[in-house]
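I have placed the structure first, in the form of structure tokens, so that the comments after it can refer back to it.
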Amino acid sequence: MPEEFGDWDPEIFEKYGREVISQIRGHFEKIRDVPVAVPREPAEQKSAVAADLPETGELFERVLADTWEKVVPGLVQWNHPSFHAYFPTSASLPGVLAETLTAALNVNSMLWQTSPAATALELVVLRWLAAMAGYPQDADGLLVTGASLANLYALAAARDHALDFDVRERGTGGPGAPTLRIYTSDQAHSSVDKAAITLGAGLANVVRVPSDDRYRMRPDLLDEAIRRDLAAGFRPLAVVATVGTTAVGAADPLERVAEVCAGHGVWLHVDAAYGGLYRLAPSLAGTLEDLSVGDSLVVNPQKTLFVPLDSTALYCRRPGALARTFRLVPEYLTSAHEGDTTDLMDLSPQLGRGFRALKVWWVVRTFGRAGLAARLDGSVAMARRLRERVSRHPDWTCPAPSAYPLVCLRYTPEAVTADPRLSEGRRREITDALNARILRKVNASGTAFLSHAVIRDGYVLRLSIGNIRTVGEDVERVWRELDRIAAAELAELTGTTAWTDPA
């Protein structure tokens with residue numbers, strides 16, 4: 001066969017496959033010597049990979065070498081044991097291998113008939129994940145690409161449920177159409193706002209309910225907001241409660257929120273993308289929220305169960321609600337339904353669907369429920385030890401405790417916070433700036449990568465623990481580096497003589 005036709009011969013694939021696996025092995029064997037991130041100017045990074053469109057094929061050895069020399073060094077290493085920013089998306093090696101096989105098979109699980117085993121396996125892992133989350137295992141569900149889309153799909157179903165006319169035919173506008181309102185806490189994820197934009201509700205109709213001193217939605221104020229809107233003629237679309245907020249890892253009081261929703265007949269969607277699967281951790285048994293009260297739910301194995309991106313589970317315990325919103329079958333997609341079959345394309349707007357279930361299946365089977373629980377408990381324990389270390393330090397605080405392994409740190413040196421010459425506002429301004437400088441320095445060092453949040457106490461460093469390779473010494477090393485950088489920044493700010501306001 002001429003070179004310009006056809007694929008690699010299988011033996012060539014195996015040869016290079018072995019080389020790729022070998023290089024991945026070397027990467028992880030030396031991962032602690034790899035910088036988590038290497039700051040580069042955008043022009044430098046673009047220049048490193050810039051190239052003209054190749055006219056003819058290149059040697060794969062060159063492609064592979066360029067990948068490790070030009071691409072990998074410019075990545076933030078999300079799969080690094082010292083990556084602690086945002087939320088972890090830790091890919092275990094069984095999941096990596098599953099993703100390889102998934103790519104090779106390249107099936108489309110849109111219909112039962114397009115790949116029966118892929119659909120059947122997805123239903124199995126959805127049942128497993130529901131059991132882990134304490135959600136009804138017979139709920140409608142599917143795997144989607146991320147929590148943001150899961151929230152959007154759930155709210156679309158909630159919108160159609162809230163309106164007393166056929167949204168599919170009429171749309172949401174027209175004479176007499178009510179203004180729809182979405183209620184969520186002032187700590188909720190921005191995907192709720194994006195869903196409001198996408199669904200046509202608009203940002204002006206996202207009602208941000210104030211949170212309490214632990215950053216949890218206040219059910220009493222939620223009830224007041226709904227009552228006030230009903231009196232004004234608005235129509236509640238849904239309430240979105242969060243279990244594991246982005247900024248501090250707070251959990252809304254679901255039972256009380258659910259009571260408010262039930263009292264007004266409002267759909268309750270629970271965004272438990274981060275916190276939902278920590279119910280597995282033995283040390284947290286009996287202390288977490290009951291997710292089963294939600295009409296719909298999102299949990300995220302890609303955040304907590306060491307499954308590679310992307311894999312998120314969306315559930316709805318209102319039978320048929322997702323299908324009533326999204327099912328649309330043109331003639332070319334009609335198929336015979338003999339026996340108990342499911343077409344997963346009916347539950348979301350997406351038609352072509354990758355085989356996401358295999359990597360979940362491999363990871364859960366490889367580690368087992370007990371193994372996953374032990375690993376989650378390990379992350380919880382590392383976070384607890386870090387909080388204990390911080391509590392003993394005179395210049396650091398943990399201003400927002402969480403049940404989950406998300407630790408918020410704030411450097412509050414007495415040299416600034418107790419200086420009588422500074423106003424309270426000026427003390428906070430300087431302390432915020434110090435913490436921002438610490439974050440930039442530690443991220444630039446390559447020893448760790450953190451993100452930040454701004455809460456009532458001010459600017460805080462977020463240290464999220466959850467990589468499958470992270471051990472206690474990794475967390476201890478990051479803590480020592482943060483404290484070292486903080487002391488150096490304070491010394492530079494104050495100088496070696498009397499304190500002078502840098503303003």
Side-chain angles (χ1 to χ4, degrees), residues 95 98-99 102 105-161 191 195 198-199 238 240 267 269-273 276-277 291-292 294-305 307-329 333 335 337 340-364:
E99 195 78 315
T102 298
L105 298 173
N106 201 36
V107 302
N108 187 333
S109 60
M110 59 185 184
L111 297 167
W112 175 270
Q113 76 170 18
T114 61
S115 199
T119 300
L121 201 63
E122 187 160 340
L123 297 175
V124 168
V125 299
L126 284 165
R127 180 168 52 82
W128 290 355
L129 293 171
M132 296 180 200
Y135 201 71
Q137 295 180 48
D138 60 352
D140 293 341
L142 75 164
L143 296 176
V144 300
T145 57
S148 294
L149 285 180
N151 289 339
L152 171 64
Y153 300 160
L155 289 175
R159 175 202 61 189
D160 295 359
H161 176 78
S191 61
T198 307
L199 296 173
V240 180
W267 184 296
H269 174 62
V270 179
D271 179 356
L277 293 170
L291 305 182
S292 68
D295 294 290
S296 51
L297 170 73
V298 54
V299 293
N300 216 333
Q302 72 190 29
K303 282 189 172 71
T304 48
L305 296 190
V307 177
L309 286 164
D310 47 48
S311 181
T312 298
L314 168 64
Y315 295 98
C316 180
R317 63 181 175 88
R318 291 181 178 265
L322 289 169
R324 282 192 292 274
T325 294
F326 295 117
R327 188 172 190 271
L328 183 67
V329 186
L333 291 176
S335 59
H337 284 261
D340 184 14
T341 61
T342 300
D343 291 339
L344 291 172
M345 72 166 191
D346 291 345
L347 306 184
S348 83
Q350 187 174 9
L351 178 57
R353 303 181 69 256
F355 188 10
R356 300 188 185 100
L358 187 69
K359 54 192 172 186
V360 181
W361 195 59
W362 277 30
V363 170
V364 175

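Along the sequence shown, residues carry numbers from 1.
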A118 to S109 - nearest heavy-atom pair and separation: CB-CB, 3.9 Å

Point-to-point distance, once rounded to the nearest 0.5 Å, from CG of D140 to OH of Y315: 11.5 Å

Distance-minimising heavy-atom pair for L333 and M345: CD1-SD, 3.9 Å

Separation of W267 CH2 from D160 CG (nearest 0.5 Å): 9.0 Å

Step-by-step side chain to side chain contact (heavy atoms under 4.5 Å, CB included) determination, L322 to S348: CA-CA 7 Å; L322 289 169; S348 83; over 6 Å; no

Side chain to side chain, F326 and D346, heavy atoms closer than 4.5 Å: no

Listed partners of R324 passing salt bridge (Lys or Arg N to Asp or Glu O under 4.0 Å), at least two apart: none

pair N300-L305: side-chain heavy atoms closer than 4.5 Å: no

Over all atoms of both residues, closest heavy-atom pair of T312 and G146: OG1-CA, 3.2 Å

Inter-residue atom distance T102.OG1 - L358.CG, 0.5 Å rounding: 4.0 Å

Closest non-hydrogen atom pair, L155 against A238: CD2-CB, 3.6 Å

Contact summary for L314 and A154, nearest pair of heavy atoms: CD1-CB, 4.0 Å

S311 OG to L143 CG distance, which is reported to the nearest 0.5 Å: 5.0 Å

Side-chain heavy-atom pair E122, T119 within 4.5 angstrom cut-off: no

Donor-acceptor pair between N108 and T114 side chains, under 3.5 angstrom: no

Validation row: S296, R317 side chains within 4.5 angstrom (heavy atoms): no

Short side-chain to backbone donor-acceptor contact, Y135 and R127, under 3.5 Å: no

T325/H161 under side chain to side chain contact (heavy atoms under 4.5 Å, CB included): CA gap, chis, key distance, verdict: CA-CA 9 Å; T325 294; H161 176 78; over 6 Å; no

Side chain proximity check, T145 to R356, heavy atoms < 4.5 angstrom: yes

Distance in Å, E99 CD paired with F355 CZ, rounded so as to fall on 0.5 Å steps: 11.0 Å

Worked check of side chain to side chain contact (heavy atoms under 4.5 Å, CB included) between T341 and Q113: CA-CA 9 Å; T341 61; Q113 76 170 18; over 6 Å; no

From C316 atom SG to D295 atom CG, the distance as rounded to the nearest 0.5 Å: 7.0 Å

Considering all heavy atoms, the nearest S115-V107 contact: OG-CB, 3.8 Å

Side chain to side chain, N151 and H269, heavy atoms closer than 4.5 Å: yes

Side-chain touch L347/Y153, heavy atoms, less than 4.5 angstrom: no

Validation row: P301, L277 side chains within 4.5 angstrom (heavy atoms): yes

Any donor-acceptor N or O pair under 3.5 Å, side chains H337, D343: yes

Derivation and outcome, side chain to side chain contact (heavy atoms under 4.5 Å, CB included), residues M110 and L344: CA-CA 6 Å; M110 59 185 184; L344 291 172; over 6 Å; no

